[in-house]
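Structure, as structure tokens:
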Amino acid sequence: MNTRKLSSFDLKSRDFIYTSLSNTLSSATNPRDLHKIHSLIITLGLYKYVLFSGKLISKYSQFKNPLASLSIFGQSSHKNNVYMWNTIIRAMTHNGLFSKALDIYTQMRGLKIKPDNYTFPAVINSCANLLDFETAKLVQEHVLDVGFGSDLYVCNALIDMYSRLNDFGRARNVFDKMPKRDLVTWNSLISGYSSNGYWEEALEIFFKLRMAGLIPDCFTVSGVLCACSGLMEVDEGRVVHGLVEKIGVKKDVTVSNGLLSMYFKFDRLMDSRNFFDNMDVRDAVTWNTMICGYFQFGLYEESIKLFLQMVQYFKPDSLTVASVLQACGHVRDLKSGRSIHEYLVKNGYKDDITANNVIINMYVKCGELLAARKVFDSMKSRDLVSWNSIISGYVENKFYEEGINLFKLMKIELEPDSITYLILLSLCIHCVDTYYAMQLHCNIIKSFGSTITLGNALVDVYAKIGKMEDSKKQFENMETRDIVTWNTIIAACNHCEDCSFGLRIISRMRNEGITFEVATLLSTLPLCSFLGAKRQAKELHGCIFRLGFESNVSIGNAVIEMYSKSGMLGYSIRVFKLMKTKDVISWTALISAYGMYGEGKKALRAFEGMRKVGVVPDHIFFVAILFACSHSGLVREGRACFDQMKKDYSIEPRKEHYACMVDLLSRSGMLAEAEEFILSMPLKPDASIWGALLSACRAGGDIKIAERVSEHLLELNSDDPGYHILASNAFAALGKWDQVKMIRKSLRTRGLKKQPGFSWLEIQNRVYIFGTGERFFEQHQEVSDLLDILSDLMAKEGYVADLRYVLHDVEEDEKFDLLCGHSERLAIAFGLLNTEPGSPLQIMKNLRVCGDCHTATKYISKIVQREILVRDANRFHLFKDGTCSCGDKW
DNA sequence: CTAGGGTTAG
């Protein structure tokens, strides 16, 4: 009886230990407890129970110790038990060891252990994570073989897998054949669609789900939010937000994060902020979304501040750090950048490739190339982004050779991508290296064929290195073009001053029905400014209204410039007045406009107005105001502006400001003072400064100073042929033909060509262009005859040709012919012949108007009684009844 | 078995 009692007690206590230990094991919350329980199980010999081995495996996996799980499984004697296999496979997938999971599954099949419906979901999940389509199909066959083709869990896993693999045909096939579906089934399909960018489809499934009478949960809402954000469907988004409130999933932090991120995607900064402030639960992702969202709004300091707040509550992960490091780079906050770098190293992100890439980028942006390189060199493995980042770092910091060398090294390790080539193409622009650009072009064709982005970059590069023909060829050869292609070619036309081609491009765009973007207009408007094409200008202005861009500040600024350069100062002023927001550039545009028309007083008054509204001038603004003063002979006022710039705005004068001052003094005939000013400058005077003085000397006829200044100018040996021509002209005026010949020879040997002069005018929507000395145009004979008649009439009025403006050493009467061949005269004569008597004429010239032509035009305006508006490279001259608006201070 | 946040160029 005693024995029986005892053994009954024994059994009971055994039973008790078994159950309580099993419970303790399940509820263990830390690895230390787990170890203790594990030892106890070994001591008590409970290993022989399948239950304990299995629970230990999953518990270790829960604490991220898959190696312990594997070791227990290896030592286990229950290899014929499917529960053990299921457990170890799940342990592996739980720890992200998907190929190990598949290995074990293969072993299991080899041992002919029959899987059950708990086996497959984890196996299928592994295939999905590995994007292993082939194994996936084999597993599905296996599923059908062993008869789990209709199992809810297995089918859900299959749908998830196929939709993640972007094979919605198979996913839908499984979905359609299921005898019974649950919410997870629908959710899997929705998130599959939305994470692959099939947003409409995701919403469609969502509506079907609702029609089927199911109540959405957090998973559903997350997927739908992602789709709404992608579609930028504000209305849908609102509906979902309402739904979130209604079904009460708002306390789910993932759903809230989804909403937060949606508001950012809709550019609703304040809504995002309010939502964030009212969130009950926040996690690291919440903070990341905020930091990243603020970054995308350009609120860099704010996003760094958010980061500093976040670290009080959460340990930032590599994703957080990636966002905030970008912000540091943007504002060149090296101090924060460095400390975050240290944080990453200390917290075990040393080998996170993305984190390192972002650090490299941050250092590059802060100009710390050596620090960037040190990180790059210390990386265990590098990806494309790492290489591209460091190469672009070298290019950005102007170490071009090192950039190319790194590119060579890169090619040994991996295949460069299109971004690598974009970086190298930008290098070509900086170095003006046509040969290397062509070499890259060949490589690009070999490795990528033709892609739009690279094609666009090539159009851009060829134009910027001055190969406009190659740029056009590249543009024409492109099979497909996007709006950027068009914007780029127009910008290219601008850069190379190939305006007529630019206008043709614009009409091609119209014919092809391509909608203009702000960027398109920002390249097109300067094209019209350059051409001074009135009709095109008005048409474009209309187009701006139709597209609703009239309140865009940059557009407004460009329109002011366009009208002023097209001879329509009134329109320019009106546009300025109507602009709701004006920045310093708008004011600069207005003041330059006044300056070009010699309205210096009005320019100064506008400056007063600008000061009153509190807009702060910058250094470019001062160029404009000094220009305006100098073109109106306002010496005292100009000097005052120059002094103010330094005193009131602490802007250190640059070369261009000194050049304006020299221009101001010398234009008003104060040549000696101008020379003195140059010699007392704190900067070394360059060609533009001496050039300003020299061109005034010539107009003022001071030969002595002209000769001295010419010597200075030639010493500097500028790359701009204009200054050599200027000096050569000065010597020609002095009759020093030997010097002239020498300059011409040196220009020839250096390959510098004088920019050919041409003039153009618009008559009835057509632009007519005339080159100097050109004889092949419509009505050449008539034009020539008219010029002959005009010169007779001019002579009677007292005109004497100023032969100093002829550069060639030829006979006097031939010189006279050469003057008459100047492009502006041809254009004026052509204009007189083809427009109504008494109507005003408007002529554009690419260079500065010649002094003799200036005089001649004054006479012509009186003889024919016409207003002649001439825009040269600098400004407008309005000729009227024998005088010019520039007051001869051209 | 199902959900959210990150890197290079333009």
Side-chain angles (χ1 to χ4, degrees), chain A residues 90 93 117-118 120-125 128 151-161 163-164 181-192 194-195 202 216-227 229 249 252-262 264 283-293 295-296 316-326 329 352-362 364-365 382-393 395-396 416-427 452-454 456-457 460 482 484 487-488 519:
Chain A
R90 292 173 71 118
T93 47
N117 55 340
Y118 289 102
F120 287 111
V123 173
I124 294 168
N125 193 251
D151 183 88
L152 180 65
Y153 282 64
V154 176
C155 286
N156 285 349
L158 281 170
I159 290 172
D160 172 58
M161 173 182 72
S163 56
R164 267 202 263 177
R181 303 182 185 103
D182 68 356
L183 196 55
V184 176
T185 321
W186 293 86
N187 289 347
S188 303
L189 205 52
I190 291 174
S191 42
S194 64
S195 59
D217 67 357
C218 324
F219 291 89
T220 327
V221 171
S222 280
V224 174
L225 278 173
C226 175
S229 305
V249 288
D252 182 286
V253 69
T254 305
V255 168
S256 301
N257 291 341
L259 271 167
L260 186 65
S261 141
M262 185 183 74
F264 274 119
D283 68 359
V285 176
T286 318
W287 286 94
N288 274 341
T289 310
M290 286 295 284
I291 293 170
C292 181
F295 174 80
Q296 274 155 7
D317 60 10
S318 62
L319 273 75
T320 324
V321 161
S323 306
V324 75
L325 276 175
Q326 264 184 288
D352 182 318
I353 295 182
T354 306
N356 278 312
N357 292 345
V358 186
I359 292 171
I360 291 175
N361 193 246
M362 181 273 297
V364 165
K365 289 262 154 63
R382 295 176 270 256
D383 64 3
L384 266 168
V385 180
S386 327
W387 282 99
N388 288 342
S389 302
I390 193 74
I391 292 176
S392 93
V395 175
E396 260 179 53
D417 68 351
S418 59
I419 293 176
T420 321
Y421 281 101
L422 286 174
I423 296 166
L424 291 166
L425 284 173
S426 75
L427 178 148
I452 289 201
T453 347
L454 282 170
N456 293 347
D460 186 47
D482 61 6
V484 179
N487 294 348
T488 311

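Since the structure is predicted, the reported quantities are computational estimates derived from the model, not experimental observations. Only heavy atoms go into these numbers, but all of them, side chains included; no hydrogens, no water, no symmetry mates. Numbered from 1 within each chain, the chains take letters A, B, ... in sequence-line order.
- At the heavy-atom level, N125(A) lies under 4.0 Å from the strands shown only through sugar-phosphate atoms.
- The CZ-C1' distance, from F120(A) to dC1(B), rounds to 14 Å in whole Å.
- To the nearest angstrom, P of dA3(B) lies 13 Å from CG of D252(A).
- Nucleic acid contact class of S188(A) (heavy atoms, under 4.0 Å, all strands): sugar-phosphate only.
- With sequence neighbours left out, R164(A) forms a side chain to side chain donor-acceptor pair (under 3.5 Å) with N129(A), D160(A).
- At a cut-off of 3.5 angstrom, the base of dG10(B) holds no donor-acceptor pair with the side chain of D460(A).
- Computed from coordinates, the L425(A) CG to dG10(B) P distance equals 10 Å when rounded to whole Å.
- In this entry the distance linking CE of M161(A) with P of dC1(B) reads 13 Å, nearest Å.
- If you measure from atom CG of L260(A) to atom P of dG4(B), you get 15 Å, rounded to the nearest angstrom.
- D460(A) meets the side chain to side chain donor-acceptor pair (under 3.5 Å) test with K464(A); sequence neighbours excluded.
- Residues V321(A) and D317(A) have side chains not in contact (no heavy-atom distance under 4.5 Å, counting atoms from C-beta outward).
- One atom, CG of L422(A), and another, P of dA9(B), lie 10 Å apart when rounded to the nearest Å.
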Can you tabulate the close N/O pairs, meaning under 3.5 Å, that link protein atoms to atoms of nucleotides 6-8 of chain B?
from   : atom 1 : to      : atom 2 : distance (Å)
dT7(B) : O2     : N357(A) : ND2    : 2.8
dT8(B) : O2     : N388(A) : ND2    : 2.6

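- Within 4.0 Å of S261(A), counting heavy atoms only, lies no atom of the nucleic acid at all.
- Rounding to whole angstrom units, CH2 of residue W387(A) and P of dA9(B) are separated by 17 Å.
- Looking at heavy-atom distances under 4.0 Å, R181(A) makes no contact with the nucleic acid at all.
- Applying the ring-ring contact (aromatic ring centres under 6.0 Å, His included) test to F219(A) and every residue at least two apart in sequence or in another chain returns nothing.
- In this model, no donor atom of one side chain and acceptor atom of the other lie less than 3.5 Å apart for S389(A) and N357(A).
- Remark: D283(A) pairs with N257(A), T286(A) by the side chain to side chain donor-acceptor pair (under 3.5 Å) rule, at least two apart or across chains.
- Contact annotation for R164(A): backbone-only contact, meaning every heavy-atom pair under 4.0 Å involves sugar-phosphate atoms and none involves a base.
- Scored by the side chain to side chain donor-acceptor pair (under 3.5 Å) test, T93(A) finds no partners at all (sequence neighbours excluded).
- In this structure, CG of D217(A) is placed 13 Å from C1' of dC1(B), rounded to the nearest angstrom.
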